[in-house]
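One structure is given here, and the rest of the page talks about it.
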Amino acid sequence: MVAVASLGLLGCGSEKDTPANKDPVATTAAPRDAGAVAIDAAAPARKVFLHGAGRCGECHEKMFDEWETSAHARAATSPLFKAASASAHETTCARCHTPLAADAPKDMITTEGVTCDVCHTLREPKPAKTGAGFRLAIDDMVKFGPRCNLDDHYFHRMGCSPEHQQAELCGSCHWWEPRGVPVFTEYADWKAGPAAAANQPCQDCHMPKEKAPLAVGAPVRTGVPHHGMLGLAADLRARALGLAVSVKDEAGTLAVTVALTNAGAGHFVPSGLPERRVVVVARVVDPAGAELAVERRSLGRVLVDAKGAEVPFWRAIKVGSDSRIAPGATWSETFSFTPPGAGVVEIEVLYRSASETLTRELALPEVESERMTGAKVPFGGPGTGGRAKLPKTVTVKPPVAKKRPAKQGPAKQGK
Ligand code: HEC
Ligand code: HEC
Ligand code: HEC
Ligand code: HEC
Ligand code: HEC
């Protein structure tokens, strides 16, 4: 749950309808004492209104619990980012990973990366190749969100921002092509693809809606967005790809054709960091399960230096190769095996958070690896037909969206 650092304010939604809080004087005056941070040496007159996510979470428990598990909460602290930014020696990284670093006390919001007060003060999002086209309205105690009919609260006033339901809000960080090298292109890819044409912004897939109160003690509302960014059950990655595996017997050789279709994403798969990889592992095992042969193919965008060698994006000058799968498109390749007798073809499709080259370069001990999809096709001895007659095709559709894990249960009802 929420780490409660009491700053002397009372509860959450429960007081919001008392006459004192309805009083316009009280609503504008109260935030000035509401734990806002006064900064600083360079501009002594400037006052900024920033809070750690834990403070927001005292009232917005649901959003906090979801955000805490998201990559946004780790934007400043993930081992991969820390190693990368140390290697890159660039200050530009902070613009998207710790946008509040210049304004917030070091021990507070900086470590929270893309925290509540980044997105909920974010104004005028303008996605561009140059990246980070936005302004943060931190000079006032207004929190911007998608609803335009909420009553102000004593803790913060409500800002009306239809942009919060538009792809441009996300695109202001999720697009960056420094020195002409495409690094983060989710927004540009989305914009050029079928999801944008169908009016389906990032939030449709990444922030699915539920019925819940916006704040503890506030009324239950519909259309409340999940803040985990990978679906209600964090299963978006497992819903990205459709798979078809065809196994043929060609004169004693098994020809295994693997077709992967990007059925679920509004952009290329993999996307995001250029070093993300989708790894297709094709394995043949004997009837007892012992591995007879294995082959791998790695899909992704490979950025290279002047000599054509794969290098991390901050040293790259151009794209060397690109085998990402466009939305709706299918990637297909055939593997050949010559097993001695009957067995099973096992296909596993994995998401790898960093390529082997980057992992080695940054001396990372291990990277996140996740199963996206897979299939098993039993076959008889080559040339014999056997227990499973060839040719044979197994198709795995992307699973439907899962509900949130039962453990967390439905949100508490407000009065
Ligand atoms: C003391 C309680 C409290 C705290 C702390 C709090 N909020 Fe709120 N917030 C509310 C209430 C109450 C609502 C309105 C709920 C309703 O009417 O359904 C709200 C609404 C919102 C909205 C919706 C605005 C809109 O127009 O759509 C956003 C966004 C928001 N808060 C962000 C934040 C952020 C960011 C923080 C931390 C800096 C924060 N809140 C801290 C009580 C709080
Ligand atoms: C202020 C910049 C910023 C904004 C605005 C922003 N993001 Fe992000 N996002 C990031 C950064 C930085 C990361 C990488 C964090 C990490 O892994 O270190 C990230 C990571 C992600 C991930 C990866 C999730 C995972 O678990 O790997 C998704 C999905 C995502 N963002 C979606 C969105 C969506 C949807 C929006 C708009 C509603 C959005 N982002 C707005 C900066 C931003
Ligand atoms: C990466 C950006 C991002 C971060 C970080 C983020 N939010 Fe949000 N939040 C959004 C967007 C976008 C919406 C509106 C999405 C929609 O309606 O489709 C939203 C909606 C909300 C709402 C209003 C929900 C409604 O139904 O009106 C509240 C309250 C809220 N966020 C609180 C928080 C709190 C508290 C945190 C930190 C724990 C947080 N948010 C972190 C982007 C963000
Ligand atoms: C039609 C649904 C859909 C839309 C629209 C969509 N996404 Fe995604 N997104 C997905 C799926 C499915 C995945 C998981 C597959 C993957 O990792 O590539 C994903 C993955 C991601 C990732 C993680 C990349 C990685 O591999 O770590 C980021 C970042 C992201 N999306 C950002 C965005 C942004 C920004 C937008 C809007 C400009 C957007 N997405 C629009 C479905 C969608
Ligand atoms: C214009 C905004 C922007 C800038 C500038 C930026 N990033 Fe990012 N970064 C992102 C986004 C958005 C993601 C999420 C993509 C994803 O999840 O694959 C991300 C993800 C990452 C990741 C993956 C983190 C993880 O934990 O998986 C690394 C590493 C990274 N960035 C390194 C850097 C470095 C190093 C710099 C500076 C040289 C930098 N970034 C500058 C927006 C930015």
Side-chain angles (χ1 to χ4, degrees), residues 194 237-265 267-271 274-302 304 308 310 319-357 359 367 369-400:
R237 215 165 255 144
R239 289 192 276 128
L241 299 172
L243 168 69
V245 183
S246 304
V247 182
K248 274 195 289 188
D249 179 359
E250 292 177 346
T253 297
L254 284 187
V256 179
T257 303
V258 178
L260 280 177
T261 301
N262 176 353
H267 39 69
F268 286 79
V269 174
S271 62
E275 288 84 5
R276 306 282 197 218
R277 294 291 177 261
V278 168
V279 182
V280 180
V281 185
R283 189 177 276 123
V284 177
V285 300
D286 70 15
E291 184 175 296
L292 298 171
V294 63
E295 274 200 58
R296 291 186 173 78
R297 300 274 196 284
S298 187
L299 280 67
R301 182 162 55 191
V302 179
V304 298
E310 182 186 347
V319 177
S321 64
D322 188 354
S323 52
R324 297 170 308 150
I325 312 170
T330 298
W331 169 94
S332 170
E333 232 171 85
T334 300
F335 300 78
S336 296
F337 298 103
T338 348
V344 182
V345 172
E346 294 181 356
I347 304 298
E348 254 199 320
V349 181
L350 305 171
Y351 164 88
R352 233 187 103 99
S353 63
S355 71
E356 286 178 22
T357 308
T359 313
V367 298
S369 183
E370 225 178 282
R371 187 175 185 276
M372 297 180 83
T373 182
K376 288 183 184 182
V377 186
F379 60 89
T384 66
R387 67 196 154 102
K389 276 223 172 86
L390 300 180
K392 185 171 181 178
T393 299
V394 172
T395 306
V396 185
K397 289 207 181 102
V400 291

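In what follows, residues are counted from 1 in the order of the sequence shown. All heavy atoms count here, side chains included; hydrogens, waters and symmetry mates do not.
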Contacts table for residues 277-288: side-chain donor-acceptor under 3.5 angstrom, sequence neighbours left out:
unit_1: R277; atom_1: NH1; unit_2: P274; atom_2: O; d: 2.8
unit_1: R277; atom_1: NH1; unit_2: R301; atom_2: O; d: 3.2
unit_1: R277; atom_1: NH2; unit_2: R301; atom_2: O; d: 3.3
unit_1: R277; atom_1: NH2; unit_2: E310; atom_2: OE2; d: 3.3
unit_1: R283; atom_1: NE; unit_2: E291; atom_2: OE1; d: 2.8
unit_1: D286; atom_1: OD1; unit_2: A288; atom_2: N; d: 2.9
unit_1: D286; atom_1: OD1; unit_2: G289; atom_2: N; d: 3.0
unit_1: D286; atom_1: OD1; unit_2: A290; atom_2: N; d: 3.0

If you measure only the distance, is there a donor-acceptor pair under 3.5 Å linking the side chains of T257 and T334?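 Yes, side-chain donor-acceptor contact under 3.5 Å.
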
With no hydrogens and no angle check, do the side chains of T359 and R352 hold a donor and an acceptor under 3.5 Å apart?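 Their side chains do contain a donor-acceptor pair, which is all the 3.5 Å distance test asks for.
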
Going through the checks in order, is the side-chain contact (heavy atoms from CB on, under 4.5 Å) test met by M372 and V269? CA-CA 11 Å; M372 297 180 83; V269 174; 4.0 Å; yes

Nearest non-hydrogen partners of [X] and [Y], listed with the distance:
X    : Y    : result
P327 : A265 : CB-O, 3.7 Å
G374 : L243 : C-CD2, 3.5 Å
A375 : V396 : CB-CG2, 3.9 Å
G242 : A263 : N-CB, 4.4 Å
G300 : P270 : CA-CG, 4.0 Å
S298 : S323 : O-OG, 3.9 Å

Can you tell me how far [atom2] of [Y] sits from [atom1] of [X], rounded to the nearest 0.5 angstrom?
X    : Y    : atom1 : atom2 : result
T338 : L254 : OG1   : CG    : 8.0 Å
S271 : I325 : OG    : CD1   : 11.5 Å
L350 : R237 : CG    : CZ    : 12.0 Å
L241 : T373 : CG    : OG1   : 7.0 Å
L299 : E333 : CG    : CD    : 7.5 Å

Between [Y] and [X], is there a side-chain heavy-atom distance shorter than 4.5 Å?
X    : Y    : result
V377 : V256 : no
P378 : K392 : yes
F335 : V258 : yes

Using modelled atom types only, decide if a donor and an acceptor are shared between the side chain of N262 and the backbone of F268 within a distance under 3.5 Å.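 A pair under 3.5 Å: no.
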
